[in-house]
Amino acid sequence: MPIQDKPKGLQAQRAAAQDVAVAALSFIAADGERLVRFLSETGLSPATLREAAGKPDFGAGVLAYVMSDEPLLIAFAEAQKLEPRHVVSAYAILAPVEDPDAPARPPM
């Protein structure tokens with residue numbers, strides 16, 4: 001379900017945002033150079049990528065990576081027939097909320 005369809009309900013929005021994140025990872029993985037750069041910049045390896053993908057905040061991380069590179073963001077958005085703002089919206093849905101009063105989480 002594309003994020004631009006404005007799904008109703010929080011679970012539907014999260015599912016649509018997660019679909020965008022999965023599409024972003026697939027887009028990155030479809031190009032060898034993009035994948036090598038992604039793995040290099042994230043510190044992941046092909047073996048650890050599968051494990052990392054199972055973590056709850058992985059989709060937000062993939063979208064943050066895509067958003068950090070404007071040409072990549074634009075290429076991905078065009079390939080998915082999305083506006084770049086929809087990628088940003090998907091990230092906002094998946095990203096953990098920053099609460100300055102929350103106790104610090106240990107690194108994962």
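Computed from a predicted model, the values in this text were never measured in an experiment. Below, all heavy atoms of this structure are taken into account, side chains as well, without hydrogens, waters or symmetry copies.
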Of all heavy-atom pairs linking A64 and Y91, the shortest is CB-CE1, 3.8 Å
Nearest heavy-atom neighbours spanning E83 and A77:
C-CB, 4.2 Å
Rounded at 0.5 Å granularity, tell me how far CG in L82 sits from CD1 in I74.
13.0 Å
Name all pairs fulfilling the ring-ring contact (aromatic ring centres under 6.0 Å, His included) condition that reach into residues 23-57, sequence neighbours left out, sorted by first residue then second.
F27-F76, F38-Y65
Sequence neighbours excluded, every pair satisfying salt bridge (charged side-chain N to carboxylate O under 4.0 Å, His left out) that has a member inside residues 58-67:
none
Please set out all donor-acceptor pairs under 3.5 angstrom arising from side-chain atoms of residues 28-35, sequence neighbours excluded.
from: D31; atom 1: OD1; to: E33; atom 2: N; distance (Å): 3.1
from: D31; atom 1: OD1; to: R34; atom 2: N; distance (Å): 2.8

Please list, chain by chain and in numerical order, all residues satisfying side-chain contact (heavy atoms from CB on, under 4.5 Å) with V88, sequence neighbours excluded.
M67
Residues passing the side-chain hydrogen bond (donor to acceptor under 3.5 Å, both in side chains) test with T48, sequence neighbours excluded, are S45
Quick check: closest heavy atoms across L44 and L49, and the distance to 0.1 Å?
CD1-CD1, 3.8 Å
Specify the closest pair of heavy atoms between L63 and A17, including all atoms of both residues, with the distance to one decimal.
CD1-O, 4.4 Å
Least distance between heavy atoms, L94 atom then G59 atom:
CD1-C, 4.0 Å
Here the salt bridge (charged side-chain N to carboxylate O under 4.0 Å, His left out) pairs for residues 59-78, sequence neighbours left out, are R37-D69
Which pair of non-hydrogen atoms, one from A21 and one from V62, has the smallest distance, and what is that distance?
O-CG1, 3.9 Å
